[in-house]
Each structure stands twice: as C-alpha cells, then as structure tokens.
Amino acid sequence: MNSVPEPANPKKINLLDFDRKGLAAFFVDLGEKPFRATQLLKWIYQENVQDFDLMSNLSKSLRRYLTEHCCIETPEIAVEQLASDGVRKWALQTQCGNRIETVFIPEEGRGTLCVSSQVGCALACTFCSTAQQGFNRNLATSEIIGQLYVAQNQLGDSAKITNVVMMGMGEPLLNFDNVVAAMNLMMDDFAYGLSKRRVTISTSGVVPAMYRLTDVCDVSLAVSLHAVTDELRDVLVPINKKYPLHELMEACRENAKLAPRRTVTFEYVMLEGINDSLDDAHGLVELLATVPAKINLIPFNPFPSSVYRCSSNNRIHQFKTLLNEAGIVTTIRKTRGEDIDAACGQLVGQVKDKSRRHLKLMETHHVA
Ligand code: SAH
C-alpha cells in the first residue's frame with residue numbers, strides 16, 4: 001500500500017520522502033552519524049536551502065555524495081487561484097501528469113492548509129466530488145509534505161501555516177505510511193514543529209488503520225460521520241458496509257483514550273431531507289453518548305453532477321442548538337473559497353487513469 005511514484009530523475013533519491021527516523025537510517029547506511037538527519041531537516045525545512053553545497057555543517061564529501069545521488073523535489077505549481085475571501089488554491093502537477101489540489105484558509109490568528117493524500121479517491125462517498133474523479137495512486141511522502149513546502153514558499157512573509165488538516169483529496173488512512181511520515185515532519189521540531197493539536201487527520205472510517213494510527217502517531221482525529229444509522233451511512237459513506245458504526249465508534253473511543261480531555265471531531269455534512277431531521281440530531285446525541293466528541297456541521301457544497309441539496313440555514317442552526325443543548329460542543333463550518341471551487345468536497349485536481357479504484361479497494365481488505 002506504500003506506493004511511491006517514479007521520480008523525475010529515477011537515479012536520485014528525493015530526501016523529502018523521509019521523516020527524521022527514515023533520514024537517520026539513510027545516513028547510517030551511508031556510514032554517517034544519525035544526527036546528520038536533524039542537520040539536514042533544518043536546512044531543508046527551516047533554512048529553506050535546496051543546494052547541498054550550501055549546507056555548511058556537512059562534510060565536503062557528504063555534500064558531494066548528496067549532490068550526485070539525492071534531490072529535494074516538490075510537485076510543481078500548475079495553477080494558483082485566489083478567492084474573494086482570501087482563500088488560496090494551488091493545483092500541483094505531480095509525476096505521471098496528474099494534478100492534486102492544496103488549499104490555504106486564512107483566519108484571524110491562524111492559517112490552515114488543507115492537504116491532499118491521494119490522486120483522486122478510491123472511496124465512493126455519494127456527496128463528494130473528489131469521489132467522482134476515481135482513483136489513480138497514493139501520493140509519496142515528498143508530495144504530501146511538498147504541499148506545505150510549496151504553499152509556505154508561495155505565501156512568503158504574508159502568512160504562516162499554523163495548522164494542517166488532512167482533508168484534501170483522498171482518504172489519508174488508505175495511504176498510511178506516507179501520510180504518517182509526512183505528519184511526523186509537520187510535527188518535528190527540526191522541520192515544521194506544529195503541535196499535535198494543530199495537525200488533524202480526517203477519515204471516512206478505515207477502522208483497522210484508525211487503531212494503527214492510535215498506536216504510532218498522535219495527531220488530532222476527525223471522522224466523517226454524516227449519518228447515524230448503518231442503513232443511511234452505507235449509502236453516503238459506502239466503506240461503512242465494511243466497517244459499520246459500532247466498530248467505528250469503538251475505534252473512536254480507543255483513540256480518545258490517548259490523552260485526558262481528548263475529543264474526536266465528528267464531521268456531519270448537512271443534506272436536505274436526507275440526514276437533517278431533528279430525529280437525526282437526537283440519534284447523533286445517542287450515538288455519541290459514550291465518545292468524548294465535538295461536532296462540526298458542514299453545509300453541503302454542491303458540484304455539477306451532485307444530486308443533493310444543502311439543508312436550510314434554519315435547519316442547520318436548529319440542529320446545532322439541539323446538539324449544544326444536549327451538551328455536545330457543535331460548530332458550523334464556514335464555507336470558504338467557494339468561488340474558486342476550493343470548499344470541502346469540491347477538490348478535483350486532474351486524475352488520469354481513474355480505473356484503479358477497484359484495485360485500491362481490494363487493498364483495504366489488507367489494512368491490518
Ligand atoms: N477522505 C477523508 C478526507 C476528506 S476530508 C474523509 O472522508 O474524512 C473532507 C471533508 O469534507 C469530509 O468530511 C467529507 O465528508 C466532506 N465533504 C465531502 N464532500 C463534501 C461536499 N460536497 N460538501 C461538504 N462537505 C463535503
């Protein structure tokens with residue numbers, strides 16, 4: 001499942017593909033000390049230096065070796081768009097002619113980058129336009145962390161990325177190893193140094209991978225719930241047929257045990273006449289009774305072939321009030337970047353050879 005695309009220069013090793021542990025192992029293999037990893041991370045992510053010759057605390061022979069055999073390569077910007085509300089979207093060109101999308105959302109006191117994990121998506125959630133694109137491949141670690149690298153460089157001094165949400169294209173837990181390595185770099189003090197509360201992974205509910213994540217990487221967890229019965233969730237989020245609600249809730253409870261006062265955020269897209277009745281809201285209160293939970297209601301963002309409509313403002317607020325009164329912290333996600341198709345579920349990129357969804361779904365059976 002840890003597929004890495006062919007690099008532009010197949011002879012060279014892209015050092016953005018390693019987290020600190022991976023880099024240390026790489027240097028030890030070269031007969032170097034493991035602390036070279038922290039030196040290199042600082043040059044790349046904090047000093048923004050790409051030329052190995054300028055890395056003055058490395059020996060001359062190591063610099064020569066790195067120049068000959070390694071590279072620091074990010075995806076290239078194909079299109080940059082700025083929305084009227086300050087949201088920026090980049091379409092990034094990856095190897096094999098695909099494009100992925102990354103979105104920067106500026107807010108008072110913080111800047112959030114929404115990062116993609118796959119080219120397209122293998123899941124078939126019926127309300128999501130990325131799903132309509134089909135699936136091509138997993139992104140390499142360098143293409144995931146490369147989104148931060150490129151975005152921060154483009155923003156320059158005008159804004160700082162303070163938060164990352166793995167909520168772009170793809171299901172991050174179906175690209176487990178590469179996503180975990182990239183999140184390690186986001187949180188590494190020698191790279192981006194973001195706190196674990198500022199790095200959030202969102203999943204549609206790949207239950208076995210949720211347990212693995214709880215074991216290896218402590219980041220904030222968001223779960224795309226969207227329905228309170230298996231009958232409806234089977235339709236909206238079809239992976240529910242494989243991992244039904246009671247299994248999903250158990251995995252969430254386990255994750256919440258990681259730290260005192262920890263909560264799981266549940267995302268709930270508001271679809272008129274589908275999942276937005278007050279009975280649904282009561283069902284939500286019941287379902288989440290045993291999980292330390294926050295709820296994020298997402299107004300549905302339509303796309304050309306979508307069959308759903310967004311719930312009315314009134315209904316979304318009624319829903320929120322009912323949940324708040326039941327003691328669950330509930331927020332309504334502000335729709336941002338709509339005029340450049342950068343809102344939730346609107347990221348499409350450019351996915352070539354979309355026929356691989358079936359293959360990827362087969363792999364989910366082996367996630368252990
Ligand atoms: N595959 C992961 C990551 C995607 S995150 C996941 O499912 O969690 C993107 C969030 O936006 C998810 O909660 C997703 O369900 C939601 N979403 C998808 N399409 C949407 C749409 N058209 N309108 C609003 N939210 C949408």
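When a ligand or atom number is given, it counts from 1 through the structure's own listing order.
Ionic pairing of Asp218 and Arg262 is present here: one or more N-O contacts between side-chain nitrogen and carboxylate oxygen are shorter than 4.0 angstrom.
A pairwise comparison of heavy atoms in Leu297 and Ile316 identifies CD1-O, 3.9 Å as the closest pair. The heavy-atom pair separating Met210 from Val223 by the smallest distance is CE-CG2, 4.0 Å. Nearest heavy-atom pair across Val206 and Thr203 is N-OG1, 3.4 Å.
Enumerated by chain and number, the residues approaching ligand 1 to less than 4.0 Å through a heavy atom are Phe127, Cys128, Met167, Gly168, Gly170, Glu171, Pro172, Ser202, Thr203, Ser204, Ser224, His226, Glu267, Val269, Ile298, Pro299, Phe300, Asn301, Cys344, Gly345.
Cation-pi check for Arg212 over Phe176 is met; the charged atom lies under 6.0 angstrom from the ring centroid and within 45 degrees of its normal.
Proximity of the aromatic rings of Tyr65 and Phe52 is defined here by a centroid distance below 6.0 angstrom, and this criterion is not met.
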